[in-house]
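The structure under discussion appears below in the form of C-alpha cells.
Basis for what follows: all heavy atoms, side chains included, without hydrogens, waters or symmetry-related copies. Labels below follow one simple rule: chain letters A, B, ... track the order of the sequence lines, proteins then strands, and each chain is numbered from 1.
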Amino acid sequence: MGKKLLIHNDRVPGIHTLDVYRAHGGYASVEKALKSMTPDQVTEEVKKSGLRGRGGAGFPTGMKWSFLAKPEGVPRYLVCNADESEPGTFKDRYLMEKIPHALIEGMITSSYALGANQSYIYIRGEYFYVARILETAIAEAYAAGWLGKNILGTNYSLELSVQVGGGAYICGEETALLESLEGKRGNPRIKPPFPAVAGLWGCPTVVNNVETIAAVCPIVMMGGEEYAKIGVGKSTGTKLISASGHINKPGVYEIELGLPVEEFIYSEEYCGGIRNGKKMKAVVAGGSSVPILPTELILKTAKGEPRLMTYESLADGGFQTGTMLGSGGFIVMDEDTSIVKNLFTFTRFYHHESCGQCSPCREGTGWMEKILKKILDGKGTLADVDLLWDIQSKIEGKTICPLGEAAAWPVAAALRHFKHEFEAYVKNPSSIKDVKHYYRLNNLVEA
Amino acid sequence: MPKVTIDGIEIEVPKGTTILQAARMIGPEVAPPTMCYYSKLKTSGGYCRTCIVKVTKGSAQNPNPMPKPVASCRTEVMDGMEVQNVTSPEILEARKGVVEFLLINHPLDCPVCDQAGECSLQDLGYEHGAAKTRYEFKRREFERIDIGKYVQLHMTRCILCYRCVKTAEQITDNRVHGVIHRGDAGEISTYIEKAIDNEFSGNVIDVCPVGALTDKTFRFKQRVWFTKPVEAHRKCTTKSATGQTCSGKVRLWYKGEDILRVTARKDQWGEVEEFICNDCRFEHKKTSDWTIEGPSPVNRHSVISQNHYNHLNELKVEVMKHQKALGFININKRP
C-alpha cells in the first residue's frame, strides 16, 4: 500500500465541508507557515522537496518560484491552472470535487510563500459544477477567516477568486490562460518575457497546476526533506494518475513515484489488469499528447529494465523508445484497439483546439486530420502515410506554444510503433472494421 | 553594443535589436522572409513562422544553442549570439514546410487575383515553396464582404497575419474588426457586419501581404504590372484621434495619363514607409492634386518593372539616383 498525501481522505463523508476537513487536520499547513515560517522558508522547503510541476512539463516547482521577479511596489500573482483539458486526464477534477479545501489550503500557503495578495483559480468552463463546489468552499474559508484580511491575526491578507474559462484546451497553456484571465482572446503569448517576469496584467506571476499547489500542504507539514524521501531519484513524492481505457478498474489513483508500470496496470490495488481477459496492446502514459508506446516498451525500457512510474524512467530512450509522465493521464488500450482510429480521435481534437495564431499548427493539424479520415474511409495510399510523417515533423518545434508538439507527437509515435496498421488499412481497406459505428459515435459522415 | 553573427557575417547592433532587424542591416541576402512581421506595427510578428532561424549559440555568456528554431522577428539578439538562416538546410526545409502550410488553404488562382504582382505570398512561394502541392482536399472558402466604402475583404485569401488588426488598433482610434473563431476556422471580421470607417482605414490594404483586403476603387481596373508607379506628395493635415498624422507622401500608379490608384510608399522589405489617410488615397486621383517627384524605385526582378518604360537604361540610372537619395542599398542585388 503506497503512501497517500493528497486524496487519503477522499472517502470521508462531508470532507468537502470546512468543518470535516479541519477535523481531519486541514489548514494545518496554513497555521504552520503563517505563524512559524517566513515566505522564503516555505519556498526553501518546496525546493528541498524536489516537487515537480504536475501539469505535464515536470518543471521543478521550487525553481519556478525562485524565478519570480520581486520588484518593489508591483503586485505579484499566483494563478492556479485548473484548466484540465488534456484528453485522458481527470485527476484535478477529482481532487477539487472531493476535497476542494485541499486546493484552497495549498493556494493560501503558496500565495504566502510568493507574497501574492490576490490569487486566482482558473478552471475550465466544462467544470462549471466543480467551480460551484470551489466557490462554496471559498465562501466557507472567508467566513472562517482563512481568507481575507489579516489571516490568523497575522498581517498577511489574501483574496482568492475563481474564474471559469470559456471552454478551450489552449487556455491550459499558461500564457493563453493569463490572456483569457485578463478577459482577452485566449491566444498564447510569445515568450520571453516569461510569466515570472511579466505575467498577469504585466506583473510577475506564477502559474501552477492544481495538484502541484495541493502538494505544497504536505510538504510544509512534513518538511521538504521528508517529502523527498518518497519516490525515486528526481521524481519525488506522490502523483495522481487518471487511469482510463480497457482496464478493470479505471479511476484516479495516488501512487508513490517509482511504482513499476507493470504493477500499476496489473495489481488489484490499482488498475486490476486488462478487462475481459484481453491482452494489452498499447499505453498512452501521460495524457493524449505524449507518445503512445506498445506493450513491450511500456513495461520494459529498450535496455530491458522494468519501466517505473517516474519522470525519468518513462522518458528513458527519448521519443524513439520512451514517452513522458506528462499529466498522468494513463490510457490503456487492449488488443482490439485500432491505433489509426485512436490517432484520428486525438488529431481531430488538436485540430479543433488549435488557436490558429501560427500557421504550422493552424493548417497542419487540419491537414493531418483530413489524411487520417481519408485512410479510415478506405481511400488512403502509402504516400499518405509518408506525408503524415512529413507534416508532423514540420509542425513539431516550429510553433509559438507547445500545442504544436502536442499535436505532432501522437502522430509521430503512432507511425513509429504502429506503421504496419496504417499500411494494412491502406493496402486492404476491407480490414477497416466498424468504421460506420465509429463515425456515428463521433458525429462524422463517411466520405 | 551586442555583436551577433548571422550566417557567418558579424554585425554590431544596438541593444534590443531583433535577429531579423540585424539580418536586414546586413542585407537582403541573409534577411529571413516575413509574412506577418511589420516593423511599423508594435507586437506584430511571431505568427507566420516564415522567419524562423536556428540559434547555434545563445550568447557569449550562455553559449548553449536554443533547442528549437526561433521566430527571428520576436527574438532579441544577445552579445555573441550566432544565428543560421540560409546556411542551415534544416531551416530551409522547415521554411518550405511553413510555405506549404500557408498555401494549403490559399487559392492558387493568382491569375485572377488583384494582388498578383505585388503579393508577398507569391514571392515567398516562388522563392521558398515547392513546385507542386501535396494537398488534395477542399480549401477553405468564404464569401466576399464589403467592410466600408473603400475596402473589400476576401477571407479565402487571408493568411491570418494579424497585420490589419494591429494597424487598426495602433493608427486609428476605433478598431472595429478582429479575428473571430479559432484554428483554421478563424476569420477576420468586423463586429456584426460593421463598416471599418475612419480616416486611416485604407492602410489595412497596404499592410495586407496577400489579396485578402483590396481597394474597391481599384479592384480589377488593371493588372499592377501594366501601371507605372511614381512618387508624389501633397500637403495633408489629416490627423487621427490617436495622433497618427498623414505624411502626404504617396505612390501614384499611372496608366497612361490616369492615376488608377494611390498607395503609401513601400520600402525594400515591402513595408509601408509612412501611413497615409483615406483622403489622399481615395479622393485625390488627378495629377494636378500632386507634386510629382519622379519614378518609384522598383526591384529589377519585380514584375512591376516590366513592360512600361521605353528607355530602360535611362530609367535605371534615374532609379539608382533615387535609391541613393532615399538611402536604399543593394536593391538590385536582391535574390
Against chain B, work out which of A/Ser354, A/Gly356, A/Pro360, A/Cys358 has the most heavy-atom pairs shorter than 4.5 Å and name it.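 Max contact count across the listed options: A/Pro360.
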Please enumerate all residues that pass ring pair (Phe, Tyr, Trp, His ring centres under 6.0 Å) together with A/Phe349, with sequence neighbours excluded.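 For A/Phe349 the ring pair (Phe, Tyr, Trp, His ring centres under 6.0 Å) partners, ignoring immediate neighbours, are A/Tyr169.
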Look up atom [atom1] in [X] and atom [atom2] in [Y], then write down how far apart they are to the nearest 0.5 Å.
| X | Y | atom1 | atom2 | result |
| --- | --- | --- | --- | --- |
| B/Glu93 | A/Lys394 | CD | NZ | 4.0 Å |
| B/Ile104 | A/Ile391 | CD1 | CD1 | 7.0 Å |
| B/Ile91 | A/Lys398 | CD1 | NZ | 7.5 Å |

With sequence neighbours left out, what residues match A/Glu423 under salt bridge (Lys or Arg N to Asp or Glu O under 4.0 Å)?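 In terms of salt bridge (Lys or Arg N to Asp or Glu O under 4.0 Å), with neighbours along the sequence ignored, A/Glu423 is linked to no residue.
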Results of salt bridge (Lys or Arg N to Asp or Glu O under 4.0 Å) for B/Arg157 - residues two or more places apart only: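 Result, salt bridge (Lys or Arg N to Asp or Glu O under 4.0 Å) vs B/Arg157: B/Asp109.
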Do the charged groups of [X] and [Y] touch, with an N to O distance under 4.0 Å?
| X | Y | result |
| --- | --- | --- |
| B/Lys68 | A/Glu396 | no |
| A/Glu363 | B/Arg140 | yes |
| A/Lys370 | B/Glu136 | no |

Who in residues 43-54 of chain B is close to chain A, using a strict under-4.5 Å heavy-atom cut-off?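 If one takes a 4.5 Å heavy-atom cut-off, the residues of residues 43-54 of chain B near chain A are B/Gly45, B/Gly46, B/Tyr47, B/Cys48, B/Arg49, B/Ile52.
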Under 4.5 Å from a heavy atom of chain B, the part of [X] involved:
| X | answer |
| --- | --- |
| A/Ala168 | both |
| A/Ile371 | both |
| A/Ile400 | both |
| A/Thr399 | backbone |

Region of B/Val70 in contact with chain A, defined by heavy-atom distances below 4.5 Å: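 Looking at B/Val70, nothing touches chain A.
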Side-chain touch B/Phe137/A/Glu369, heavy atoms, less than 4.5 angstrom: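 Sidechains of A/Glu369 and B/Phe137: no contact.
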With the side chain counted from C-beta on, respond yes when A/Arg362 and B/Phe101 share a heavy-atom pair under 4.5 Å apart, and no when they do not.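 SC-SC contact between A/Arg362 and B/Phe101 ruled out.
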Is it the case that over 12 heavy atoms from other parts of the model lie below 6.0 angstrom from the [atom1] atom of [X]?
| X | atom1 | result |
| --- | --- | --- |
| A/Phe59 | CZ | yes |
| B/Met66 | CE | yes |
| B/Lys3 | NZ | no |

Choice from B/His181, B/Arg74, B/Arg134 maximising heavy atom contacts with chain A below 4.5 Å: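 Answer, by heavy-atom pair count under 4.5 Å with chain A: B/Arg134.
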Using every non-hydrogen atom in the two residues, find where B/Asp184 and A/His351 come nearest and quote the distance to one decimal.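 In this case the closest contact between B/Asp184 and A/His351 is OD2-NE2, 2.6 Å.
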So which heavy atom on B/Val98 is nearest to which on A/Ser359, and how close?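 Nearest pair, atom of B/Val98 first, then A/Ser359: CG1-OG, 4.2 Å.
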Quick one: does any side-chain atom of A/Arg185 pair with a main-chain N or O of B/Gly178 as donor and acceptor, under 3.5 Å?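 Judged by distance alone, no pair lies under 3.5 Å.
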